[in-house]
2 protein chains.
Amino acid sequence: MASKTIGQVVELTGLSAKAIRYYESSGIVSEIPRANNGYRFYSNENVDELLLLKGAREAGFSIDQCRQLMAVFHDQNRHSSDVKAMTLAQITQIKQRIEKLQSIVLKLEALTEQCQGNDQPQCSIIDGLLKS
Amino acid sequence: MASKTIGQVVELTGLSAKAIRYYESSGIVSEIPRANNGYRFYSNENVDELLLLKGAREAGFSIDQCRQLMAVFHDQNRHSSDVKAMTLAQITQIKQRIEKLQSIVLKLEALTEQCQGNDQPQCSIIDGLLKS
DNA sequence: GGTTTACCTTCCCCTAAGGGGAAAGGTTAC
DNA sequence: GTAACCTTTCCCCTTAGGGGAAGGTAAACC
């Protein structure tokens, strides 16, 4: 079975049909050849593109970053150093997001510690948010 | 100066005029009274709502969570325990997001360690993403 | 008073990454 | 033949506003 319908690719990749069509219409993956009835038929190479894309999305790469990644993927003269650089940059970005979230957690934890948490309306969390 | 124009509220709160109007049209803050010319005029209470909202947004609360928070804020019979419960739930959610991001970082770091990062096309990051 | 500048209003389109569902047509099974 | 399932395109929806247009208003300056 060299070429597969979109339903079969859904089974194979775990991606939704909506997502798969979206990736094509956005130009992130190659244009998929059609049969006479208009149905898309996916080659193994097409499926590989989708698998790579899925892996990258699950690794937190944005669609725009994936676009670049796919371009590198299709570059016959690519250097693994380029892929590594993109990945290291991605790691840095995610770590920054983590730090921001951690500072929020610290702030919220400080506020909850001040709050009595009883049946009175006075609440130092609200007071704290008002002043922040 | 008991009531302020939106421009003055922008100065006062650091929020954008777009955001302030959005909060009103979304029903998150109270409806703002208008002058004859249609201009909004903000009372101190209106400004307080916006300040609380801003603090909550900066603390990572979503607009929908802010909506609930504002409802509690306006509830004369509120219990600080309710606010505390919402805040603790928010802390839990953020911690989950942090954990997810951390697992992504671990995965990406493992991949970069395997990648040679040279001028060859073979790249274990791509291979790893394809299989994941 | 007239003009310029700054401010306010609503309105519409745009973002990211698809999801939901309609309407229409194709394919398969009974 | 027809029921069930598959595929197609199309349009609206989501978050939390941003950008900018078109038009009315207010304050400042001459």
Side-chain angles (χ1 to χ4, degrees), chain A residues 1 3-29 31-42 46-47 49-50 52-70 90 93-94 97 100-101 104, chain B residues 1 3-29 31-42 46-47 49-50 52-70 90 93-94 97 100-101 104:
Chain A
M1 192 166 58
S3 69
K4 299 164 190 68
T5 67
I6 198 167
Q8 292 167 331
V9 177
V10 165
E11 288 297 308
L12 213 59
T13 61
L15 292 166
S16 72
K18 283 278 187 180
I20 294 172
R21 294 196 194 96
Y22 171 73
Y23 294 152
E24 182 186 359
S25 71
S26 306
I28 299 162
V29 300
E31 202 167 343
I32 308 299
R34 308 295 184 104
N36 291 334
N37 55 13
Y39 285 20
R40 290 170 179 83
F41 277 91
Y42 294 81
N46 295 142
V47 173
E49 283 187 73
L50 290 169
L52 174 58
L53 186 44
K54 187 193 180 204
R57 290 289 298 136
E58 287 176 352
F61 284 93
S62 73
I63 286 292
D64 228 45
Q65 289 172 315
C66 287
R67 204 184 305 271
Q68 300 173 42
L69 193 62
M70 299 307 294
Q90 168 71 351
Q93 280 182 34
I94 297 182
R97 287 166 57 191
K100 191 171 175 184
L101 290 175
I104 290 178
Chain B
M1 192 166 58
S3 70
K4 300 165 191 65
T5 66
I6 198 168
Q8 291 167 331
V9 176
V10 165
E11 287 296 308
L12 214 59
T13 63
L15 293 166
S16 72
K18 283 279 188 179
I20 293 173
R21 293 196 194 96
Y22 171 73
Y23 295 152
E24 182 186 358
S25 70
S26 307
I28 300 162
V29 300
E31 202 168 343
I32 307 300
R34 308 295 184 106
N36 291 335
N37 54 16
Y39 286 20
R40 290 170 178 83
F41 278 90
Y42 294 80
N46 295 142
V47 173
E49 283 187 72
L50 289 169
L52 175 56
L53 186 43
K54 187 195 180 203
R57 292 288 297 135
E58 287 177 351
F61 284 94
S62 74
I63 285 293
D64 227 46
Q65 288 172 315
C66 287
R67 204 184 305 271
Q68 299 173 43
L69 193 62
M70 299 307 294
Q90 168 72 350
Q93 280 183 33
I94 297 182
R97 288 166 57 190
K100 191 170 176 186
L101 290 175
I104 289 178

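Both backbone and side-chain heavy atoms feed into the values below; hydrogens, waters and symmetry mates do not. Naming: A, B, ... by sequence-line order, numbering from 1 per chain. The model shown is predicted, which means the values in this text are computed figures rather than measured ones.
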* **Segment of DNA chain C, first to last nucleotide, that comes within the 4.0 Å heavy-atom reach of chain B** => C:dC7 to C:dC11
* By side chain to side chain donor-acceptor pair (under 3.5 Å) - contacts of A:Arg57 (at least two apart) -> none
* Can you tell me the distance, in whole Å, between the CZ atom of A:Arg34 and the P atom of D:dT8? => 6 Å
* **Residues that A:Tyr39 engages under side chain to side chain contact (heavy atoms under 4.5 Å, CB included), provided they are two or more places apart** => A:Asn37, A:Phe41
* Structure fact -> Numerically ordered, the residues 11-21 of chain B set in heavy-atom contact under 4.0 Å with DNA chain C is B:Lys18, B:Arg21
* With sequence neighbours left out, what residues match A:Gln93 under side chain to side chain contact (heavy atoms under 4.5 Å, CB included)? -> A:Gln65, A:Gln90
* Could you state the NZ-P distance from B:Lys54 to D:dG17, rounded to the nearest angstrom? -> 12 Å
* To do: Answer with yes or no whether B:Tyr39 presents, from its side chain, a donor or acceptor under 3.5 Å of a partner atom in the base of D:dG24.
  => yes
* Asked: Roughly how many Å is it from OH in A:Tyr22 to P in D:dC13, rounded to a whole number?
  -> 19 Å
* Checking A:Gln8 side chain against A:Thr5 main chain: does a donor-acceptor pair fall under 3.5 Å? -> yes
* Identified side-chain contact (heavy atoms from CB on, under 4.5 Å) counterpart of A:Asn46 within the set A:Val29, A:Ile20, A:Ile32, A:Val9 -> A:Ile32
* Structure fact -> Atom CD1 of B:Ile28 and atom P of D:dA16 are separated, to the nearest Å, by 8 Å
* Asked: Contact class for B:Ser62 vs. all strands (heavy atom < 4.0 Å): base, sugar-phosphate, or nothing?
  -> sugar-phosphate
* What is the distance from CG of B:Asp64 to C1' of D:dG17, rounded to the nearest Å? -> 15 Å
* Structure fact -> Between CZ of A:Arg40 and P of D:dC6 the distance, given in whole Å, is 17 Å
* Asked: Restricting to pairs with a member in residues 32-41 of chain A, which pass salt bridge (Lys or Arg N to Asp or Glu O under 4.0 Å), not counting sequence neighbours?
  -> A:Glu24-A:Arg40
* Give a yes or no on whether the backbone of A:Tyr23 and the side-chain of A:Ser26 come within a donor-acceptor separation of less than 3.5 Å. => no
